[in-house]
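Working notes, structure below.
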There are 2 protein chains.
Amino acid sequence: MRPAEPAKKLRPARTTATRQRLFDASMELIGERGAAGVTVDEIAAAAGVSKGTVYYNFGSKSDLIAQLLRHGVDILKARLMGAPDGGTGQDPLLAMEAMIGQAMDFMAEYPSFARLWVSENWRTPSEWQGTFTLLRAELLAVISEAVENVAKAYPVDPSVSRGSLETAIFGACFVVGLDRQTYNPERTRNQSVAAIMAIMRGYVIQQPAPQG
Amino acid sequence: MRPAEPAKKLRPARTTATRQRLFDASMELIGERGAAGVTVDEIAAAAGVSKGTVYYNFGSKSDLIAQLLRHGVDILKARLMGAPDGGTGQDPLLAMEAMIGQAMDFMAEYPSFARLWVSENWRTPSEWQGTFTLLRAELLAVISEAVENVAKAYPVDPSVSRGSLETAIFGACFVVGLDRQTYNPERTRNQSVAAIMAIMRGYVIQQPAPQG
DNA sequence: CTATTCAAACTGACCAGTCAGTTCAAATAG
DNA sequence: CTATTTGAACTGACTGGTCAGTTTGAATAG
């Protein structure tokens, strides 16, 4: 039997471990060489598992990758929402800074996921179009809330589209994180956070031109 | 004979046109489905040329892509440097805004190039590692100069690493441009520019609100 | 006893790169 | 002005290899 959805609750004993190994192995390989550049045989070998097991647990290479994306986003979301004092009544700008710090840590810890994301995200008709749309919305919602809190506590520039701003922050996190790992390993986490936070400081209204 | 460098001066008649058609076709296809996802046969067919011609003009699929990257960067660089009043003594912040506007126009006009760039840029051992390092440096140099001009004309936050800031701007241009095309076509060019410019406004030091 | 994993063979499609041969425009010769 | 030559540009069938996905039957573990 090859179930479309392998029993998740019934026998998670071996399965859970196997899936985790497959996630780890494919995250690494796919991040390095791209989804199309990695073979199922390689993934199986790297996970120390037979090829048949991959097809038993995931129906196809495509499904494996879709679930890999979901897996990574769950981790990232948890980090962003778990940023110290994300919710309580602290300074929203500090909360924002903590959140971006968490994002940078995530990019450093899972660079392969970040590469997978930026590699496949904007492909026009992609097998994972729907997956990306959904996951992107989930992540943006977290960012949106943090920006919203800033906008409630500070005067912000109303001429700046909130959505575009969130997109810029979202994208900058990935790009700055990846660039640091690839081209500028000497840059510190805090430098990266500060550069991205410049977006927020520019969004908060500076005293209007002394016209009145 | 199959020259490594096809006669550039002697018989550029057909060759130039052929190469341009191959650039156009492969930019489109590779942007959509990724470098590994497109076959040389497809590229040849889309360019209305035989497969052999591809190998006659470019030594390999890999070379074709490397030259494609160079081609696109040349166009982008020309746009950025040609931004209205990029050099003269105008307000550097306005010059910066014009440059980012040019970048957004480029992303809208050559979305496939932008996708190719973000797809392959951060792969760890990539065939085009050297190519990317070089081209990236060229583009960053243009941005760097514009930021430098701002820093000369305005007081800026010295605690922000110039390099990280430039990276953030560079990356934000690609991501915001691509996101607009893929997920938010209703957003305007100017909204995108404004969101990215928030980085610069956050970099320029705001005086503490004077009595008022 | 059943869910899971294994190993290995198999298929059918696909693909990068090659090569022997063809086209064509310009140069040269008559 | 016509005929011939030359070689860059181009062609497309072919090769050797790869890969996703399937199947099978046996082993192992909960």
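Within every chain, numbering begins at 1; the chains are lettered A, B, ... in the order of the sequence lines, protein sequences first and strands thereafter. In this text the structure is predicted, and so the values were computed from the model without any measurement.
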Take atom [atom1] of [X] and atom [atom2] of [N], then tell me their distance rounded to the nearest Å.
| X | N | atom1 | atom2 | result |
| --- | --- | --- | --- | --- |
| A:D63 | D:dT22 | CG | C1' | 16 Å |
| A:I43 | C:dT5 | CD1 | P | 16 Å |
| B:R19 | D:dA8 | CZ | P | 15 Å |

For A:F58, does the six-membered ring have the charged nitrogen or CZ of A:R19 within the cation-pi criterion, i.e. under 6.0 angstrom from the centroid and within 45° of the normal?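 Verdict for A:F58: a cation-pi partner in A:R19.
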Identify, with sequence neighbours excluded, every residue that meets side-chain contact (heavy atoms from CB on, under 4.5 Å) alongside A:A47.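 Testing A:A47 for side-chain contact (heavy atoms from CB on, under 4.5 Å), a comparison that skips the adjacent residues, returns A:R21, A:L22, A:A25, A:V49.
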Does a nitrogen or oxygen in the side chain of [X] sit under 4.0 Å from OP1 or OP2 of [N]?
| X | N | answer |
| --- | --- | --- |
| B:S50 | D:dT11 | yes |
| B:N57 | D:dA8 | no |
| A:Y56 | C:dT4 | yes |

Could you name each residue pair satisfying side-chain hydrogen bond (donor to acceptor under 3.5 Å, both in side chains) that touches residues 109-118 of chain B, not counting sequence neighbours?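 The answer is B:R79-B:E109.
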Which atom pairs, one a donor and one an acceptor, fall under 3.5 Å between side chains of residues 165-177 of chain B and the rest of the protein, sequence neighbours left out?
residue, atom, partner, partner atom, Å
B:E166, OE2, B:S144, OG, 3.0
B:T167, OG1, A:R187, NH1, 3.0
B:T167, OG1, B:G163, O, 3.0

Table of protein N/O atoms under 3.5 Å from nucleotides 13-17 of chain C N/O atoms:
residue, atom, partner, partner atom, Å
C:dA16, OP1, B:V38, O, 3.4
C:dA16, OP1, B:K61, NZ, 3.0
C:dA16, OP2, B:V40, N, 3.0
C:dA16, N7, B:K51, NZ, 2.8
C:dG17, OP2, B:Y55, OH, 3.0
C:dG17, OP2, B:K61, N, 3.3
C:dG17, N7, B:K51, NZ, 2.9
C:dG17, O6, B:K51, NZ, 2.8

Checking B:R189 now: which residues fulfil side-chain hydrogen bond (donor to acceptor under 3.5 Å, both in side chains) with it, not counting sequence neighbours?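 Expected list: B:D105.
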Who are the salt bridge (charged side-chain N to carboxylate O under 4.0 Å, His left out) partners of A:D74, not counting sequence neighbours?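 By the salt bridge (charged side-chain N to carboxylate O under 4.0 Å, His left out) rule, A:D74 matches A:R70.
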